[in-house]
Amino acid sequence: MTPWEAVAVCAAGVAAGAINAVVGSGSLITFPTMVAVGVDPVTANVSNNIGLVPGSFTGAYGYRAELKGQRDRLVRMGMGSALGSLLGGLLLLVLDPDVFQIVVPILIAVACVLVVVQPKLNGWLAARRQDAHPDGGPWLWLGVFGAGIYGGYFGAAQGVLLIGLLGSFLDDGLQRVNAAKNVLSLIVNATAAVLFVIIAPIDWWAVLMVALGATLGGFLGAKVGRRLPAPILRGFIVCVGIAAIIKLVYG
């Protein structure tokens with residue numbers, strides 16, 4: 001990795017850390033950036049996951065005020081996130097790499113659609129929040145487990161998936177839902193990172209650059225990210241996602 005490529009990956013890490021704290025689609029920035037500078041897609045996915053852990057922590061810490069009173073529910077759901085992440089990470093490492101090359105463009109496309117429809121999704125959630133269960137119930141746990149599998153395998157837009165799930169089943173405000181999303185995303189990323197460190201191929205320079213950027217980005221996202229115009233942020237994510245699909249499909 002050349003110095004300029006390292007700077008590009010670090011800058012992508014800053015953007016991803018901030019976006020993950022606010023929206024939850026930061027991997028659509030870092031993953032294609034690493035692929036663009038020549039990192040193998042599977043290695044890029046693994047390295048991206050590990051590198052984003054510090055940013056996930058700072059993003060969750062930045063929402064600590066909104067986390068008050070959520071300990072019991074997060075411990076319960078966190079177990080589902082961890083188990084799902086382990087399963088997703090194992091699928092990534094066991095399945096043929098060609099499967100990843102085929103599946104990931106589809107996952108990125110789905111993630112981009114989720115980012116675009118999130119405003120309408122939030123409106124739908126608000127309309128039915130009066131029927132939400134205060135603690136989520138078993139269906140939410142299963143949904144969080146499924147999101148953990150997705151996050152351990154790839155992870156882009158897992159935050160959007162989690163916001164949709166938590167907002168559907170919890171009788172709580174959107175900011176507290178977002179805070180819970182940040183903690184569960186941290187658990188997914190950290191669990192998969194432990195697995196990958198033990199048995200997966202890793203580009204440690206890429207990990208370092210993403211980690212440095214994401215740590216700063218997590219703080220920035222928690223503090224000022226919510227002030228950014230949402231349409232611009234979503235448009236940027238979708239453009240990067242489309243570029244990633246083109247890169248993976250056409251090389």
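The figures that follow rest on heavy atoms only: side chains count, while hydrogens, waters and symmetry mates do not. Remember, predicted model here, so these are calculated numbers, not experimental data.
- Formation of a donor-acceptor pair under 3.5 Å by the Arg64 side chain with backbone atoms of Tyr61 is found in this model.
- Here the side chain of Gln70 pairs a donor or acceptor atom with the backbone of Glu66 at under 3.5 angstrom.
- Counting all heavy atoms, side chain and backbone alike, Lys181 lies closest to Ala21 at NZ-O, 3.7 Å.
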For residues 194-219, tabulate all N or O donor-acceptor pairs below 3.5 Å that involve a side-chain atom, not counting sequence neighbours.
residue : atom : partner : partner atom : Å
Asp203  : OD1  : Trp205  : N            : 3.2
Asp203  : OD1  : Ala206  : N            : 3.1
Thr215  : OG1  : Ala211  : O            : 2.7

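- Between Asn20 and Gly26 the shortest heavy-atom distance is OD1-N, 2.7 Å.
- The structure places OG of Ser27 at 5.0 Å from CG of Leu52, a figure rounded to the nearest 0.5 Å.
- Contact check for Ile242 versus Ile246: side-chain heavy atoms found under the 4.5 Å cut-off.
- Minimum interatomic distance between Gly55 and Thr58 (heavy atoms only, all atoms of both residues): O-OG1, 3.0 Å.
- We find the OG1-CG distance between Thr43 and Asn48 to be 12.0 Å, quoted to the nearest 0.5 Å.
- Linking ILVMFWY residues whenever their side-chain heavy atoms come closer than 4.5 Å, directly or via other members, places Leu91 and Leu86 in the same cluster.
- To the nearest 0.5 Å, the span separating CG on Leu184 from CE on Met77 amounts to 5.0 Å.
- Cluster membership check: Ile50 shares its hydrophobic cluster with Phe100, using side-chain heavy-atom separations under 4.5 Å among Ile, Leu, Val, Met, Phe, Trp and Tyr.
- Taking CZ of Phe31 as the reference point, atom OG of Ser47 lies at 10.5 Å (rounded to 0.5 Å).
- In this structure, Leu92 CG and Asn49 CG are separated by 9.0 Å, a value rounded to the nearest 0.5 Å.
- Once rounded to the nearest 0.5 Å, the distance linking CG of Asn45 with CE of Met34 reads 8.0 Å.
- Side chain of Thr30 to main chain of Ala12: no donor-acceptor pair is present (N/O by atom type, distance under 3.5 Å, no hydrogens or angles).
- Although no hydrogens or angles enter the test, the distance criterion places no donor-acceptor pair under 3.5 Å between the side chain of Thr191 and the main chain of Val188.
- Between Asn182 and Tyr63 the shortest heavy-atom distance is ND2-CD1, 3.2 Å.
- A continuous path of hydrophobic side-chain contacts links Val177 to Trp139 [ILVMFWY only; heavy atoms under 4.5 Å].
- Put simply, the side chain of Leu74 reaches to within 4.5 Å of the side chain of Leu67, judged on heavy atoms.
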Tabulate below the donor-acceptor pairs under 3.5 Å that side-chain atoms of residues 140-167 make, not counting sequence neighbours, or state none.
residue : atom : partner : partner atom : Å
Trp141  : NE1  : Arg76   : O            : 3.0
Tyr150  : OH   : Ala156  : O            : 2.4
Gln158  : NE2  : Asn189  : OD1          : 3.2

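- Looking at every heavy atom in both residues, Ile29 comes nearest to Ala15 through CG2-CB, 4.1 Å.
- Cluster membership for Ile19 and Val35, using ILVMFWY side-chain heavy atoms within less than 4.5 angstrom, is shared.
- The hydrophobic clustering, which links ILVMFWY residues whose side-chain heavy atoms are closer than 4.5 Å, places Leu93 and Val103 together.
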